[in-house]
Enquirer: 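Take this structure first; my questions come after.
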Amino acid sequence: MPELPEVESARAVVERGALGRRIADVDDADTYVCRPHRPGEIRDALVGRTLTGVHRRGKSMWCDTGDGGPELGVHLGMSGKIVIADPDGTETDGGDYWRRGREPGDHRFARFALTFDDGGWLLLVDPRRLGRVRLDPPVDELGPDAADITAARFRDAVLKGTAPIKARLLDQQAIAGIGNLLADDILWAARIHPARPAGDLSRPESDRLHRAVRREIRTALNDGGVHTLPLIPYRKDGARCPRDDAAMAHGMVGGRTTWWCEKEQPPQA
DNA sequence: AGCATTGTTTCACA
DNA sequence: TTGTGAAACAATGC
């Protein structure tokens, strides 16, 4: 689930529940999630420190750890969530997934954990383990945040080359935060075919697309995530476009399953 | 059983 | 250089 809106929610969970608490221990034993660090490397860098701030750019988030400390980077991957828990394991924030069929203290899918000196926890819960925790993450390699990007920067960074426009929207180095579901929704909202070459868009189309990026992300942030986006229920066989009742088409664009409206999103401008 | 999956990285190849 | 597609990563769900 994590695209930009979900990561922003996770960032807010950390801000509400973890800032200012002293780190007493760190479980960084999952060498895949904590790659490329050795077990204990993150623990040694963080024990005794305090999280003093938390930031987000695109789908990446990171925490400040006080004077001279490294940044603690967190990426949620495909299935990661941030959970704040009491000493007995009962979650107090961030735990929609965590709640289901699980007893307090069941940390089966916790892949990384900070223990605070009061016994409480910050957990990265991630069944699929494609999330990632690392020190000093290279966030400067990311493009501008999709929630804030200006029209001029959008044109400059995204609308160039012959790659499909959807592939450009998914390129985190061009614009950070858009995932597969958001990309389809944005292109549908702007009535642009996902396979159009990015550099071929007209000025009206590029303005429409930029506005759709900002609006769809704003909507998802306010309504509770990418699963609240209007196109989500229509990403299935036999579905019809909720605007004009034309058939929803699907195929592979930019290596990902892609859905679009056959009539409103023609392959040619 | 076999297929799908919201993400990223790497590689072979054109 | 630019771009594509596939595979890998790991695990779950239909």
Side-chain angles (χ1 to χ4, degrees), chain A residues 1-10 29-37 56-62 73-82 96-98 100-102 106-112 124-134 137-143 145-146 157-188 194-200 216-217 219-221 223-239 250-259:
Chain A
M1 318 190 175
E3 299 189 28
L4 187 153
E6 285 72 24
V7 180
E8 176 56 26
S9 297
D30 191 316
T31 55
Y32 187 71
V33 167
C34 295
R35 67 194 182 283
H37 298 293
R56 180 194 60 75
R57 181 158 168 188
K59 306 173 196 170
S60 290
M61 52 188 284
W62 65 97
V74 178
H75 196 292
L76 300 179
M78 290 273 255
S79 62
K81 295 176 191 297
I82 296 293
D96 52 338
Y97 153 83
W98 188 245
R100 306 226 316 184
R102 238 159 280 283
D106 179 353
H107 295 173
R108 228 181 317 169
F109 297 126
R111 308 303 189 184
F112 176 84
L124 171 64
V125 176
D126 181 13
R128 290 177 59 180
R129 295 176 71 207
L130 291 173
R132 191 165 179 184
V133 176
R134 58 176 306 183
V139 290
D140 44 337
E141 291 172 9
L142 295 168
D145 191 79
V158 181
L159 302 182
K160 61 183 184 189
T162 60
I165 180 59
K166 175 169 178 179
R168 299 294 302 149
L169 290 174
L170 292 174
D171 184 344
Q172 303 301 304
Q173 303 197 57
I175 178 172
I178 298 172
N180 198 38
L181 301 178
L182 259 174
D184 281 5
D185 211 279
I186 288 165
L187 289 161
W188 174 79
R196 292 273 305 282
D200 286 1
E216 297 304 297
I217 289 175
T219 300
L221 281 168
D223 292 358
V226 294
H227 287 291
T228 66
L229 291 169
L231 195 63
I232 296 296
Y234 305 98
R235 297 173 59 91
K236 57 180 146 187
D237 255 336
H250 66 101
M252 292 288 276
V253 180
R256 311 298 299 277
T257 298
T258 302
W259 292 83

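We name chains A, B, ... by the order of the sequence lines, and we start the count at 1 in each one. Here the structure is a predicted model, which is why all the values come from computation and not from measurement. Worth knowing before you read on, the calculation uses all heavy atoms, side chains too, and leaves out hydrogens, waters and symmetry mates.
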Enquirer: Does the protein touch nucleotides 3-9 of chain C at the base, only the backbone, or not at all? Give it as B, S and - per nucleotide, heavy atoms under 4.0 Å.
Expert: SS----B
Enquirer: Any salt bridge between Asp126(A) and Lys81(A), counting N to O under 4.0 Å?
Expert: no
Enquirer: Has Glu3(A) got a side-chain atom pairing as donor or acceptor with Gly177(A)'s backbone, closer than 3.5 angstrom?
Expert: no
Enquirer: Any strand counts, and the cut-off is 3.5 Å on both contacts for Watson-Crick or G-U wobble. Which nucleotide pairs with dC14(C)?
Expert: dG2(B)
Enquirer: For a side-chain contact (heavy atoms from CB on, under 4.5 Å) check, start with the C-alpha distance between Lys160(A) and Arg168(A), then their side-chain angles and the critical distance, and finish with the verdict.
Expert: CA-CA 8 Å; Lys160(A) 61 183 184 189; Arg168(A) 299 294 302 149; 3.8 Å; yes
Enquirer: Do any side-chain nitrogens or oxygens of Ser79(A) fall under 4.0 Å of OP1 or OP2 in dA11(C)?
Expert: no
Enquirer: Please name the nucleotide paired to dG7(B) by Watson-Crick or G-U wobble geometry with both distances under 3.5 Å, or report none.
Expert: dC9(C)
Enquirer: Starting at atom NZ of Lys236(A), determine the distance to atom P of dT5(B), rounded to an integer number of angstrom.
Expert: 15 Å
Enquirer: So do the side chains of Val226(A) and Glu216(A) get within less than 4.5 Å of each other, counting heavy atoms only?
Expert: no
Enquirer: Please report, rounded to the nearest Å, how far the P atom of dT8(B) is from the CZ atom of Arg134(A).
Expert: 14 Å
Enquirer: Quickly work out the Glu141(A) CD to dT8(B) P distance and round it to whole Å.
Expert: 13 Å
Enquirer: Hey, does the side chain of Arg256(A) come within less than 4.0 Å of dT6(B)'s phosphate (OP1/OP2), counting only N and O?
Expert: yes
Enquirer: Which base, if any, makes a Watson-Crick or G-U wobble pair with dG3(C), both distances under 3.5 Å?
Expert: dC13(B)
Enquirer: Rounding to a whole Å, what distance do you find between Ile217(A):CD1 and dT6(B):C1'?
Expert: 14 Å
Enquirer: Can a salt bridge be assigned to the pair Arg56(A) and Asp145(A) using a cut-off of 4.0 Å between side-chain N and carboxylate O?
Expert: yes
Enquirer: Would you kindly give the CG-to-C1' distance between Asp126(A) and dG7(B), to the nearest whole Å?
Expert: 10 Å
Enquirer: Measure from the side-chain N and O atoms of Glu6(A) to the backbone N and O of Leu4(A), and report whether any donor-acceptor pair falls under 3.5 Å.
Expert: no
Enquirer: Can we say Asp140(A) and Arg57(A) salt-bridge, meaning some charged N sits less than 4.0 Å from an Asp/Glu carboxylate O?
Expert: no
Enquirer: Which nucleotide, dA11(C), dT6(B), dT8(B), lies nearest any side-chain atom of Leu181(A)?
Expert: dT6(B)
Enquirer: Send over the distance from Leu170(A) CG to dT8(B) P, rounded to a whole Å.
Expert: 9 Å
Enquirer: Could you check how far CE of Met78(A) sits from C1' of dA4(B), rounded to whole Å?
Expert: 10 Å
Enquirer: Between the side-chain atoms of His75(A) and the base atoms of dT8(B), is any donor-acceptor pair under 3.5 Å?
Expert: no
Enquirer: Determine the Euclidean distance between corresponding C1' atoms of dC9(C) and dA1(B); express it in Å to zero decimal places.
Expert: 22 Å
Enquirer: Starting from P on dG7(B), measure out to CZ on Arg132(A) and report it in whole angstrom.
Expert: 16 Å
